[in-house]
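Comments concern the structure below.
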Amino acid sequence: MIGVLVSGAGSNLQALLDAGLPVGAVASNVPGAPALDRAATAGVPTGVFALEAYPSREARDVAMADWLEARGATLVVCAGYMHLLTPAFLERFPDRVVNVHPALLPAFPGAHAVRDALEAGVSETGATVHLVDEGVDTGRALRRETVPVLPGDTVDTLHARIREVEHRILPEVVGELCDA
Ligand code: GRF
């Protein structure tokens with residue numbers, strides 16, 4: 001069963017749900033994140049693990065791992081989850097935490113990948129699905145796909161085209177990991 005971590009809109013979560021993948025729990029660090037509504041609509045249990053509610057980041061991550069494990073999660077997908085995961089979380093799911101990132105890693109890691117690629121003036125960027133380690137978008141890449149930067153692109157137009165790729169490659173890679 002797949003546990004999904006979200007912080008925002010949840011379009012990648014929706015892609016996983018629409019692909020019929022066995023999503024069994026959705027956790028967010030952001031109360032009220034629209035992604036939680038998508039999970040609820042799909043009948044998937046949701047949990048909120050806001051940092052402010054815990055004495056430390058590790059304590060939050062342990063609580064979140066406990067909650068996911070109790071629901072049977074054996075694979076964790078970060079789908080627009082905007083916090084770093086501590087070793088306290090990662091050691092619970094060794095090599096079983098993946099993330100989708102809106103750039104061709106190792107280029108443009110971090111929270112502003114689309115803006116950074118535009119500002120750098122590159123002619124192409126893309127999307128990467130990768131394993132999560134303790135670094136910022138440093139884990140081993142499982143799939144990378146290029147997206148051209150078009151004349152007149154804004155962060156929004158470029159990110160929209162990158163998201164289209166994410167919505168295809170994330171369910172593909174997650175499906176492969178489920179089958180493995
Ligand atoms: C995606 O572009 C993902 O790569 C990045 O954050 C965005 C999340 O979008 N980490 P959504 O919440 O899945 O719509």
Side-chain angles (χ1 to χ4, degrees), residues 2-21 23-42 44 46-51 61 64 68 75-86 89-90 97-120 122 124-150 153-175 177:
I2 303 167
V4 182
L5 305 186
V6 296
S7 300
S11 67
N12 280 285
L13 165 66
Q14 193 67 54
L16 296 170
L17 293 166
D18 292 348
L21 289 161
V23 176
V26 173
S28 179
N29 63 316
V30 179
L36 293 168
D37 295 332
R38 295 180 188 264
T41 299
V44 177
T46 59
V48 173
F49 299 86
L51 202 47
D61 281 6
M64 195 161 68
L68 290 168
L75 175 67
V76 177
V77 179
C78 300
Y81 181 70
M82 300 307 281
H83 273 175
L84 281 180
L85 291 167
T86 60
F89 186 94
L90 294 172
V97 183
V98 302
N99 180 46
V100 59
H101 181 77
L104 280 183
L105 291 172
F108 309 115
H112 303 289
V114 182
R115 184 195 72 191
D116 292 348
L118 261 186
E119 287 181 358
V122 292
E124 56 184 31
T125 180
T128 304
V129 179
H130 65 99
L131 290 175
V132 175
D133 63 16
E134 293 162 39
V136 179
D137 303 318
T138 49
R140 179 163 67 86
L142 301 174
R143 184 81 69 88
R144 297 158 84 244
E145 191 166 309
T146 299
V147 174
V149 179
L150 302 179
D153 254 341
T154 64
V155 170
D156 286 346
T157 59
L158 179 55
H159 201 166
R161 291 205 313 287
I162 292 171
R163 270 198 172 94
E164 282 177 26
V165 170
E166 292 181 333
H167 297 164
R168 175 165 44 76
I169 67 173
L170 181 64
E172 279 176 14
V173 173
V174 170
L177 291 171

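As the structure lists them, so they are numbered: ligands from 1, and atoms in each ligand from 1. Bear in mind the structure is a predicted one, so any value in this text is a computation, not a measurement.
- Looking at atom 1 (C) of ligand 1, its nearest protein heavy atom turns out to be Glu166 OE1, 3.2 Å.
- When hydrogens are left out, the protein atom nearest atom 5 (C) of ligand 1 is Pro102 CD, 3.8 Å; that is the closest non-hydrogen contact.
- Under a 4.0 Å criterion applied to the non-hydrogen atoms of His101, ligand 1 contributes the atoms 4 (O).
- For Glu134, there are no salt bridge (Lys or Arg N to Asp or Glu O under 4.0 Å) partners, not counting sequence neighbours.
- Not counting sequence neighbours, Glu164 has no partner by the salt bridge (Lys or Arg N to Asp or Glu O under 4.0 Å) test.
- Ligand-side atoms of ligand 1 in range of Ala9: 12 (O), 14 (O), range being under 4.0 angstrom from any heavy atom.
- Of the protein's heavy atoms, Arg163 NH2, 3.0 Å lies nearest to atom 9 (O) of ligand 1.
- Here the side chain of Thr125 pairs no donor or acceptor atom with the backbone of Ala117 at under 3.5 angstrom.
- For atom 8 (C) of ligand 1, the closest non-hydrogen atom of the protein is Gly80 CA, 3.5 Å.
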**Message:** Before you tell me yes or no, could you show the steps for Asn29 and Tyr81 under side-chain contact (heavy atoms from CB on, under 4.5 Å), namely the whole-Å CA-CA distance, both residues' side-chain angles and the distance that decides it to 0.1 Å?
**Reply:** CA-CA 8 Å; Asn29 63 316; Tyr81 181 70; 3.5 Å; yes
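- With respect to atom 10 (N) of ligand 1, the closest heavy atom belonging to the protein is Val100 O, 3.3 Å.
- When Leu21, Asn12, Asp18 are each tested for a side chain to side chain contact (heavy atoms under 4.5 Å, CB included) with Pro171, only one passes: Leu21.
- Residues His167 and Ser11 bring a donor and an acceptor atom of their side chains to less than 3.5 Å of each other.
- One option in Gly10, Ala113, Gly8 has a heavy atom closer to atom 12 (O) of ligand 1 than any other, and that option is Gly10.
- Residue contact annotation: Gln14 has no non-hydrogen atom under 4.0 Å from ligand 1.
- Considering backbone and side-chain atoms alike, Leu13 places every N or O at 3.5 Å or more from each N or O of ligand 1.
- The protein heavy-atom contact nearest to atom 2 (O) of ligand 1 is His159 NE2, 2.6 Å.
- Checking only distances, Ser11 does come within under 3.5 Å of ligand 1, N or O to N or O.
- The backbone N or O of Leu105 sits less than 3.5 Å from a side-chain atom of Arg144, completing a donor-acceptor pair.
- Side-chain atoms of Ser28 never come within 3.5 Å of backbone atoms of Val48 as a donor-acceptor pair (strictly under, hydrogens ignored).
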